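Every value quoted in this text rests on a predicted model; they were computed, and no experiment measured them. In each ligand, atom 1 is the first atom listed, and ligand 1 is the first ligand listed.
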Amino acid sequence: MYTLLSGFYNYLTQKEEYNVLIIGLDNAGKTTLLERIKSIFMGVAGLSPDRIAPTVGLNIGRIEVNSSRIKFWDLGGQRDLQSIWQRYYSDCHAIVFVVDSTDGRRLEECKDTFETIITNDLVEGVPILMLANKQDLPNALRVEEIKEVFNKIAVKLGARDSRVLPVSALEGNGVREAIDWMIKRLQRNKLNRPPLYR
Ligand code: G3D
Ligand code: MG
């Protein structure tokens, strides 16, 4: 009887858990984004921007939305760290790819990096949200301009859900909408990539 009841209790209280990778070139704003997501969805005061050091290793953040837990993995973006990304691919349910919209000089490199990610079999079908970050700055490229560069490889996205959205991780503009979009896609892709239940 006890096991039956505790099993039922666990069933009622367990939540879906998803892993989301935050990746992109170094300095794109990944760690700033993670702090912003935590402050918007969990109401915790994030690290102030001047306390965010370049990420060595990884930062993890958790949020709870409705009945889901989402665990964000902010993996460092320096080139020697990029090879580590794929260790996380088979366990991830979505990818947030952050672009520094003010760094036109590295946009081609950014596109090549993106291409390497989306063509990896381990993330086939995984929803991808691309964020054109730093839109608060006057010299930021507009989403349309960034899309133009990435359109060259858009066919390689395959049948997965993907979207490009403008944000400012620093000021928070667009972040809630972007993450809301992603949460819907996580749930829609549930049969392909089932969440963990705990
Ligand atoms: P990373 O984790 O991708 O390497 P960080 O990037 O989050 O460390 O951010 C790199 C720099 O970009 C930081 O500036 C950070 O404040 C800035 N940044 C991140 N997002 C935004 C944004 O939306 N708008 C603006 N204006 N700046 C942003 P510093 O000066 O600390 O290096
Ligand atoms: Mg970082």
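Partner I23 forms a side-chain contact (heavy atoms from CB on, under 4.5 Å) with one of L75, D74, V96 and no other, that one being L75.
The aromatic rings of Y88 and W73 lie tilted to each other, with the angle between the two planes from 30° to 60°.
Each of the atoms 2 (O), 7 (O) of ligand 1 lies under 4.0 Å from some heavy atom of T31. For ligand 1, the atoms sitting less than 4.0 Å from at least one non-hydrogen atom of L137 are 26 (N), numbered in the order shown with element in parentheses.
Using a non-hydrogen distance threshold of 4.0 Å, A28 registers as a contact of ligand 1.
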Verdict with supporting geometry, R106 and D100, salt bridge (Lys or Arg N to Asp or Glu O under 4.0 Å): CA-CA 9 Å; R106 287 208 293 171; D100 179 347; 5.9 Å; no
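Considering only non-hydrogen atoms, atom 32 (O) of ligand 1 lies nearest to N27 out of N27, V167, L170. For atom 7 (O) of ligand 1, the choice among T32, D26, D103 with the nearest heavy atom turns out to be T32.
For a distance bound of 2.8 Å, the N, O or S atoms of T32 include none lying that close to the Mg ion (ligand 2).
The existence of a salt bridge linking K152 and E108 is confirmed by a sub-4.0 Å separation between a basic side-chain nitrogen and an acidic carboxylate oxygen. Salt-bridge formation is not detected for the pair E144/K147: no Lys NZ or Arg NE/NH1/NH2 atom is positioned less than 4.0 Å from an Asp or Glu carboxylate oxygen.
The distance criterion of under 3.5 Å between nitrogen or oxygen atoms is not met by L33 with respect to ligand 1. Between D74 and ligand 1, not a single N/O pair is under 3.5 Å apart.
For the atom pair CG of L157 and CD of E124, the computed distance is 12.0 Å after rounding to the nearest 0.5 Å.
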